Protein chains: 2
Amino acid sequence: MASQRTVAADAFARKQVSRTGRPASSPRMGLPAQPSPLRPSSLPLDTVLVGDCIAAMNALPASSVDCVFADPPYNLQLGDAGLLRPDQSRVDAVDDDWDKFASFPSYDAFTREWLAAARRVMKPNATLWVIGSYHNIFRVGSALQDLGYWILNDIVWRKANPMPNFRGKRFTNAHETLIWASRSAESKGYTFHYDALKGGNEDLQMRSDWFIPLCTGDERLKDDEGRKVHPTQKPEALLARTLLAATNPGDVVLDPFFGTGTTGAVAKRLGRRFIGIERDPGYAAAARERIAGIETLSQASLLVAPTKRAEPRVPFLSVIEAGHVRAGETLTDERGRFRATVRPDGQLDNGLVIGSIHKIGALVQGLPACNGWTFWHTERNGRKTCIDSFRNEIRATMAGA
Amino acid sequence: MASQRTVAADAFARKQVSRTGRPASSPRMGLPAQPSPLRPSSLPLDTVLVGDCIAAMNALPASSVDCVFADPPYNLQLGDAGLLRPDQSRVDAVDDDWDKFASFPSYDAFTREWLAAARRVMKPNATLWVIGSYHNIFRVGSALQDLGYWILNDIVWRKANPMPNFRGKRFTNAHETLIWASRSAESKGYTFHYDALKGGNEDLQMRSDWFIPLCTGDERLKDDEGRKVHPTQKPEALLARTLLAATNPGDVVLDPFFGTGTTGAVAKRLGRRFIGIERDPGYAAAARERIAGIETLSQASLLVAPTKRAEPRVPFLSVIEAGHVRAGETLTDERGRFRATVRPDGQLDNGLVIGSIHKIGALVQGLPACNGWTFWHTERNGRKTCIDSFRNEIRATMAGA
DNA sequence: AGATCACATGAATCACGAT
DNA sequence: TATCGTGATTCATGTGATC
C-alpha cells in the first residue's frame, strides 16, 4: 500500500524525522553535482513527505531551500473543503457560482498561509515559482506581493495543444501563467542563468512566453486501467526550463504540492535535490516510483559555464606588465575619433585628465559610463585590436596556472 | 488651447451636461450602424470627457454601456536611477504622476473604486476588458473578482517587438495581460463573435494568446518635435480584436482611461459608439483630433482583422524538451568531421567552449558565423538527420498558435 | 531607384564586489 | 551600512542618411 511507503509529514513536523518510509529498494536520488555548503543536515532531501504542506513547511528549518516550485489547487469549487478552507468552514450551497464567490476569502487565507510558510523556508536569494490559471493566479499574485515577495517575471506557458472551447462562448484557454518571484525586493543575488538560456535560444534572450506541449503520451502517468493518475500533471519540459533558469546543480528545490512528482523527476534528472510535500498518499507513492526510475544526467553536461562577470578580474596594469601595451603608447576608439596615452601605472591620460580606462573612455565620449576594455584599441600595422583581447590572453594564461 | 476644447467631466458629474466644449468644426463621430435600443439619451456619445473617471462614471446612468475597455495606470515601481541601455542612452520610462501610488493598498482602493463605478454603468450583459502587466494585473484581477465580475478569459498580448532586458537579469518581459470579464456570473448573454473570430483565424478557434506588434511608426501619435504624445499608446490592432470579439456595431464602449483615444479611434472605425474619460486635457485634445480623422468602415468590411501569425521562432531548447534530441547526445556535421555534445539547457559543448548551436558551429569550422540548424546532425541507425527537421516538426505543432 | 547602414526606441519593478 | 570603482548589457522595427 502506498501509505506504508510514505514519510508522514506530521511525524516530521513533530521532529520525529524518519526517512525509513522510503522503500529500501529505492535508489539514492539526485546526488548533487555541487552540493551547496551549510545546508542543515535535517533537511529531508530527495524525499516525499506526506501530509499538509503548511505544517510540513513549518517544520523545516528557516532559510534552507534554494527554490520553490508550487502548483497549488486551482479550482475553488473542487469540494475539497479541508484543503481550501483553513478556517474549516464548509459551504454546502449547491449553487456553484455562489460557492466560488463566497470562497475567495478562504482561498486567499489558504494562499497566504502556504506562501508565508514557503517564504520562511527560502534562503534570502531563493526564488519562488507558482503556476496557475485565471481562476486563481490573481489571488496568488496579490497575496505574494502583499507578503513581500518581489515579482521578477510573469511567464506565459502557451500550450501547443490546449483543450478547445466546446461551447464557443469564449476564447480557447490556451495558456497558463507562472509567477517568478524573489523572496524580497532586496534579494538581488538570485540565480538566473541568463547566458545558458540565451545560448539555448539561438543567442536571443529567452522571452516571457514559452511554447510547450501538454503532458501527454508516455510521459503522462497512467494507472493499470490506462486512466491518468493525476488530473493536472505538468510537462517535464516546463519544469526543466524553470529549474535550468533559476537553480544550480545541487540546489534544493521544494515543491509543496508535489502531486505525482514532476518537480522531483526533473530535479533529479538535472542534478538538483528536491523536497516534495503531498497530501495524497497515492500520488506520493506514484511520485516515488516515478522518480526512482529517473537517472541524473552526466555531471559534465550539468556544469554551469562561468559567466563573464564570474571570470577573474584583470587590472589594465597587468596588460602593460605583460607587454601587450607599452607605457607611452596611444590608444584610440575603434573609429579613431578619440585618443589617450597609456601611463606606466595603468591609467590613461587624454591630455586633460588622468584616470582609468573606463573613466577616460566615458569622459571623451561625454557618457556617464564606459567599458574601457571594449572601447579602447591599439593600432599595430594599421590594424586595430581591442584591448579586451589582451585581457583574454592573460586570463588564458591564468587558467593554465 | 486644449482646455478650451474639452468637456469638463466634473460639470457632467453635476448633471450640467454640456457637449459644447467639442469644437463646432469637429465632425460627428462614429455614426452607429445599428443603434442599440433603449439607450438613455443623456449619454455623451462619441465624446471625450475631461476629468476624474470615477466621478464621471458615477454621473452616467446605470446599465447604459455595452462594453468597457480600461487601460489603468500600471503602478510601475521604477528604480530611482533610471535604466540605461548598453550604449548608455537612457530609457524613456513611464514616470508620470498619474502612475504614482503610495502603496499597494492605495492602488487597490483606487482599483476597486473605478471597477465598481464601471460595473454600475454596465448593462447586465456588458463585458469589461482591462489591460495590465505583472505590476498591477494581479491586483486588478483580484479586485474585479471580489466585486462580482466573472472572468471569461485572460488574454496574453504577446509583443512582436518588446523592449529587451538590458541587464540580463530576467526573462524579456514580452507580453501584457488582458482580463475579459462579464458583469457577473449570471451574465450569460454577453456578446462574443465566436464564428467571426474563427473565420478570421483560418477556421481555428481564436486562442487566448495574441501576437500583435507594439504601436510604432505612423500609428504612434507624435508632437511637433517628434516626441511621443502618450507614453503607453496601445496598438489599434489590439483594440480592434477586443471590440470585434465582444461588441456589435452601434454598441457603446466606455473607456475610463482614454489617453490619446485608441479605443475611440477603433470604435469609430468599426462603427461602435464610444465614451472616453481622460484626466489630462492635453491627451483628450490629442484624442479628439485623432478620432476626427478616422472614417467608419462600411458595414461589409467589418470583418475580423486577419491574425498576424507569430514568426515561429523555435529555441533549440524546445527540440530537446520535445525529445527529438537528448541531452548528452553527440551532434556532428554532415560529414562527421566535427562533434559537439548537447547540453540540457539547449547549448552545445565542443569540449572547450559552451555556446549556442550557431556559435559552436562557427567555432569548430573557424568561420565567423554558421547556421547551426542546418550544420548539425543527429545520427540514428547510421542515418544522419539535420536538426532543422526537428524544428520543422515543432513548427507544425505551432500551427494555429 | 534600390540597397545598405546608422541610429532611435518601446509600460522596465534591470550590477556587484571590495573596502 | 554606505561609498566607490569596475565594467557588463539589447531585439525588433521604423526612419532617414548614404552609397
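This structure is a prediction, so every number in the text was calculated from the model and none was measured. Below, read A as the first sequence line, B as the second, and so on, with proteins coming before strands; counting in each chain starts at 1.
No donor-acceptor contact under 3.5 Å links the side chain of B:Lys159 to the base of C:dA11.
Put simply, CZ on A:Arg335 is 11 Å from C1' on C:dC7, counting in whole angstrom units. When the P atom of C:dG10 is taken as reference, atom NZ of B:Lys234 falls 13 Å away, rounded to whole Å. Rounded to an integer number of Å, the gap from B:Lys228 NZ to C:dA11 P is 6 Å. The distance from atom OH of B:Tyr74 to atom P of C:dG10 is 15 Å, rounded to the nearest whole Å. Regarding A:Asn153, its CG atom lies at a distance of 11 Å from the P atom of C:dC14, rounded to whole Å. Per the geometry, CZ belonging to B:Arg90 stands 13 Å off C1' belonging to C:dA12, to the nearest Å. Rounded to a whole Å, the CH2 atom of B:Trp157 is 13 Å from the C1' atom of D:dA12. If you measure from atom CZ of B:Arg139 to atom P of C:dA11, you get 23 Å, rounded to the nearest angstrom.
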Legend entry - Reading 5' to 3' through nucleotides 4-11 of chain D, protein heavy-atom contacts under 4.0 Å coded B for base, S for sugar-phosphate only, - for none: --SBBBBB

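Straight-line distance between the P atoms of C:dA18 and D:dA8: roughly 15 Å, to the nearest whole Å. A gap of 15 Å separates the C1' atoms of C:dC16 and D:dT1, to the nearest Å. With C1' as the reference atom, C:dA1 and D:dC19 are 12 Å apart, rounded to whole Å. Taking atom P in both D:dT6 and C:dC14, one finds a spacing of 25 Å when rounded to whole Å. Remark: the separation of the C1' atoms in D:dT10 and C:dT9 is 11 Å, to the nearest Å.
Not a single donor-acceptor pair under 3.5 Å links the side chain of A:His358 to the backbone N or O of A:Asn371. Checked by atom type and distance alone, the side chain of B:Asp280 pairs as donor or acceptor with a backbone atom of B:Tyr283 at under 3.5 Å. In this structure, B:Glu236 contributes its side chain and B:Val266 its backbone to no donor-acceptor pair below 3.5 Å.
Every residue two or more places apart in sequence or in another chain that forms a side-chain contact (heavy atoms from CB on, under 4.5 Å) with A:Arg119 is listed here: A:Tyr149, A:Arg183, A:Ser184.
A distance of 9.5 Å separates CG of B:Asn165 from NZ of B:Lys169, quoted to the nearest 0.5 Å.
Using a 4.0 Å cut-off between a side-chain N of Lys or Arg and a carboxylate O of Asp or Glu, B:Asp209 and B:Arg207 qualify as a salt bridge. Between A:Arg335 and A:Asp333 no salt bridge is recorded (no basic side-chain N to carboxylate O distance below 4.0 Å). Between B:Lys228 and B:Asp92 there is a salt bridge, since a side-chain N of the basic residue sits under 4.0 Å from a carboxylate O of the acidic one.
More than 12 heavy atoms of other residues, nucleotides or ligands shown are found within 6.0 angstrom of CD on A:Glu329.
Just one of A:Asp195, A:Asp203, A:Asn201 meets the side-chain hydrogen bond (donor to acceptor under 3.5 Å, both in side chains) condition when paired with B:Ser356; it is A:Asp203.
A cation-pi arrangement is present between B:Arg139 and B:Phe104, with the terminal nitrogen or guanidinium carbon under 6.0 Å from the aromatic centre and inside a 45° cone about the axis. Seen from the ring of B:Trp210, B:Arg158 does not count as a face-on cation partner, given the 6.0 Å and 45° thresholds.
Annotation: of the two residues near DNA chain C, B:Gln233 and A:Gly189, the 5′-most nearest-nucleotide partner is B:Gln233.
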Inset, instruction - For DNA chain C, produce a single dot-bracket line, 5' to 3'. Pairs: Watson-Crick or G-U wobble, both distances under 3.5 Å. Symbols: ( ) within strand, [ ] crossing, | other strand, . unpaired. - result: .|||||||||....|||||

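For B:His135, the side-chain atoms get nearest to C:dA12 when compared with the rest of C:dG10, C:dA11, C:dA12.
Side-chain N/O atoms of B:Asn153 and A:Tyr134 include no donor and acceptor closer than 3.5 Å. For the residue pair A:Asp349 and A:Gln347, no side-chain donor N or O sits within less than 3.5 Å of a side-chain acceptor on the partner.
A heavy-atom distance below 4.5 Å is not found between the side chains of A:Thr177 and A:Ile131.
The two residues B:Phe101 and B:Pro73 make their nearest non-hydrogen contact at CE1-CB, 3.8 Å.
Less than 6.0 angstrom separates the ring centroid of A:Trp180 from the ring centroid of A:Tyr190.
For DNA chain D, no neighbouring residue in residues 176-185 of chain A is found when judged by any heavy atom under 4.0 Å. Within residues 91-111 of chain B, no residue has a heavy atom under 4.0 Å from DNA chain D.
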Can you tabulate the close N/O pairs, meaning under 3.5 Å, that link protein atoms to atoms of nucleotides 14-16 of chain D?
residue, atom, partner, partner atom, Å
D:dT15, OP1, B:Asp218, OD1, 3.4

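Among the protein residues, A:Gly355 comes within range of no part of the nucleic acid, since none of its heavy atoms lies under 4.0 Å from any strand.
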